2 protein chains.
Amino acid sequence: MARRSNQLDVQCQFCKAKGGSHFADLNEEELTILSSHKSCVGYKKGQTLFYEGTRPMGIFCINRGKVKVYKMGSNGREQILFIAQPGDFLGYRSMLSEEFYGASATVIEPAAICFIPKSDFLTILNSNPRFFSKLMKAVCHELGVMEDKLAQIAQKSVRERLASTILMLKETYGMEGEGSDVIDIALSREDLANIVGTATETVIRLLSEFKSDGMIGLEGKRIKVLDVNALVHEADFYA
Amino acid sequence: MARRSNQLDVQCQFCKAKGGSHFADLNEEELTILSSHKSCVGYKKGQTLFYEGTRPMGIFCINRGKVKVYKMGSNGREQILFIAQPGDFLGYRSMLSEEFYGASATVIEPAAICFIPKSDFLTILNSNPRFFSKLMKAVCHELGVMEDKLAQIAQKSVRERLASTILMLKETYGMEGEGSDVIDIALSREDLANIVGTATETVIRLLSEFKSDGMIGLEGKRIKVLDVNALVHEADFYA
DNA sequence: CCAAAAACATGACTTTTATCATGTTTTGCT
DNA sequence: AGCAAAACATGATAAAAGTCATGTTTTTGG
């Protein structure tokens with residue numbers, strides 16, 4: 001069998017990212033089915049897994065790296081819906097609703113990503129009701145999260161949303177340091193703006209303000225959280 | 001068995017709203033299970049089915065009327081997530097993700113609504129894989145719709161969102177008239193603002209503008225769509 | 001390693017939208 | 001019917017955020 005130069009040898013059975021994923025409690029046999037026709041490829045920053053409006057052919061499972069999932073607006077600006085990390089699946093939602101992709105997915109940190117053809121995935125899904133239930137639960141949870149984000153964007157100011165986004169990033173990517181947590185994700189200011197739902201300049205300005213107020217520290221792209229409480233207050237969590 | 005004064009006798013087998021609902025192709029036996037412990041009650045405008053933060057005990061199935069589903073913001077303003085109509089279920093999403101309700105549901109037009117206890121609903125769900133699949137598909141679709149709304153709110157102006165909301169309402173509640181379609185739903189300006197995600201005054205002002213531009217007509221709460229193309233243009237659908 | 005491109009940063013200005021104030025109309029209730 | 005409350009409407013003003021212009025720094029590719 002021909003091999004693409006950057007084809008990687010990642011078997012589901014031994015995947016380190018599996019632990020936290022929905023695949024966590026499939027049995028050996030099922031993992032073998034998953035592995036049988038799958039391919040795993042290295043992706044560079046900026047490469048796109050799939051585009052909005054195209055037909056899903058299978059699911060992407062992230063082994064390493066980070067991927068932004070976003071919709072393109074008529075003004076050319078992206079709205080980032082979420083950032084996927086190792087263990088996450090991508091593309092199964094559209095596959096299950098039998099629709100075209102509603103969003104695009106592009107790598108933002110060098111990644112290793114497996115592709116599992118639709119048919120293999122559906123085979124597992126139909127033969128394992130517990131897996132199906134688990135996925136259902138996950139989708140229901142996701143819907144709740146998305147509703148939360150909608151309400152936040154509709155009702156909070158850009159300042160509040162930025163503060164709350166920084167806190168959310170800290171929860172997910174925060175690395176314990178001495179006293180301060182460094183957020184271990186290389187987001188451009190533009191990407192950050194596209195998560196928050198605002199203009200790049202506005203994010204840059206607010207970050208400077210947060211910095212001079214001593215709430216965060218900036219080391220290039222990396223954001224250091226210096227004063228969690230102040231950020232929580234800024235995000236208006238309890239008001 | 002004691003009967004509450006406004007208890008209604010609605011049997012799932014003969015429910016007119018069933019046709020368009022997820023219950024459409026359950027068999028007689030399953031419908032009997034559904035009916036067995038269910039109650040169906042009349043609700044007046046303003047009555048609340050459930051509150052954000054409480055525990056789901058079953059699902060609500062709308063037989064007649066309209067219900068707004070919304071989240072409360074810290075500023076006291078509601079963000080309406082969607083409006084449910086006859087045939088829709090409410091509350092199953094939180095039940096399946098085993099979380100508290102993430103939103104509240106309040107009647108906006110006099111309604112008849114059935115309540116099916118959690119256990120009965122889960123019985124059907126576990127015994128009928130096709131029904132489960134259908135629901136999964138619906139949730140996946142809903143998630144796509146919600147992502148769409150998020151991107152719209154994040155990227156479009158209030159003016160564009162109002163135009164697009166009016167068009168959406170026309171699709172769902174439009175009644176064919178002579179030349180113009182009347183939107184058959186009695187939304188207060190405040191509710192409309194809470195769908196669009198803006199202040200009530202802003203909606204009122206923009207509606208006046210749309211009216212003097214000849215795009216819509218206003219007869220009390222009812223909105224008449226006079227020029228669909230102009231609204232589509234205003235909503236910036238193709239730009 | 002160097003040049004070009006991309007990302008970051010800041011100022012000036014404009015537009016959009018929220019907020020506050022006030023008055024009018026409609027609705028609901030007894 | 002009549003009164004109170006809610007909803008609707010409009011103006012004035014302020015605040016928030018977007019846009020444009022321009023310069024600096026960082027990153028990237030040959």
Side-chain angles (χ1 to χ4, degrees), chain A residues 44-47 68 73-79 106-110 152-165 185-212 216-223 234-236 239, chain B residues 44-47 68 73-79 106-110 152-163 165 185-212 216-223 234-236:
Chain A
K44 281 180 267 187
K45 180 177 167 179
Q47 288 190 290
K68 65 176 172 184
S74 55
N75 48 16
R77 232 181 57 214
E78 300 172 358
Q79 177 61 38
T106 297
V107 170
I108 57 171
E109 280 185 20
Q152 287 245 346
I153 287 206
Q155 301 208 327
K156 295 197 162 192
S157 69
V158 171
R159 192 186 184 83
E160 289 168 323
R161 271 142 55 200
L162 179 61
S164 135
T165 299
I185 180 174
L187 280 179
S188 68
R189 300 290 188 257
E190 190 180 355
D191 280 339
L192 191 49
N194 292 340
I195 295 175
V196 172
T198 188
T200 308
E201 294 95 323
T202 303
V203 160
I204 291 173
R205 265 183 262 272
L206 287 172
L207 283 179
S208 304
E209 280 187 44
F210 286 1
K211 184 183 176 181
S212 42
I216 61 171
L218 296 173
E219 290 163 1
K221 287 197 197 311
R222 305 278 155 174
I223 297 171
E234 206 62 63
D236 189 34
Chain B
K44 281 180 268 188
K45 180 177 168 179
Q47 289 191 288
K68 65 176 171 183
S74 53
N75 47 15
R77 233 181 55 215
E78 300 172 358
Q79 177 61 38
T106 297
V107 171
I108 56 171
E109 281 185 20
Q152 287 244 347
I153 287 205
Q155 301 208 325
K156 294 196 163 194
S157 70
V158 171
R159 191 185 184 84
E160 289 168 324
R161 271 142 54 199
L162 179 61
T165 299
I185 180 173
L187 280 179
S188 67
R189 301 289 188 256
E190 190 179 355
D191 280 340
L192 191 49
N194 292 341
I195 296 175
V196 173
T198 187
T200 308
E201 294 95 322
T202 304
V203 159
I204 291 173
R205 265 183 262 271
L206 286 173
L207 282 179
S208 305
E209 281 187 43
F210 286 1
K211 183 183 176 182
S212 43
I216 62 171
L218 295 174
E219 290 162 3
K221 287 198 200 308
R222 306 278 155 174
I223 298 171
E234 208 61 64
D236 189 34

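Only a predicted model underlies this, so the values are computations on that prediction, with no experimental measurement involved. Residue numbers begin at 1 in each chain, while the letters A, B, ... track the order of the sequences.
One interatomic measurement links the two molecules: CZ of B/Arg77 to P of C/dT17, which rounds to 13 Å at whole-angstrom precision. The nearest whole Å value for the distance from the CG atom in B/Leu218 to the P atom in D/dA9 is 7 Å. Residue B/Glu219 contributes atom CD, which lies 13 Å from atom P of C/dT26 at whole-angstrom precision. One atom, CD of A/Gln155, and another, C1' of D/dA17, lie 18 Å apart when rounded to the nearest Å. Rounded to whole Å, the distance from CZ on B/Arg189 to C1' on C/dA18 is 19 Å. To the nearest angstrom, P of C/dA7 lies 13 Å from CG of A/Leu187. Rounding to whole angstrom units, NZ of residue A/Lys156 and C1' of D/dA15 are separated by 19 Å.
Proximity note for A/Lys45 (side chain, C-beta onward) versus D/dT28, D/dA9, D/dA7: the nearest is D/dT28.
Taking CG of B/Leu206 as the reference point, atom NZ of B/Lys211 lies at 14.5 Å (rounded to 0.5 Å). Between the OG1 atom of A/Thr202 and the CG atom of A/Leu162 there is a distance of 10.0 Å, given to the nearest 0.5 Å.
For the pair B/Ile185/B/Ile108, a side-chain contact is recorded, criterion being any heavy-atom separation below 4.5 Å from C-beta on.
The residue among A/Arg161 and A/Lys221 whose nearest nucleotide of DNA chain D is located toward the 5' end is A/Arg161.
A distance-only check finds no donor-acceptor pair linking the side chain of A/Gln155 to the backbone of B/Asn75 [under 3.5 Å]. At distances below 3.5 Å, at least one donor-acceptor pair connects side-chain atoms of B/Arg161 with backbone N or O atoms of B/Val196. Side-chain atoms of B/Gln79 come within 3.5 Å of backbone N or O of B/Asn194 as a donor-acceptor pair.
For the OP1/OP2 pair of C/dT16 and a distance below 4.0 Å, the side-chain nitrogens and oxygens of B/Arg159 include no atom meeting the criterion.
The stretch residues 194-208 of chain A touches DNA chain C through A/Glu201, A/Ile204, A/Arg205, A/Ser208, each having a heavy atom within less than 4.0 Å of the strand.
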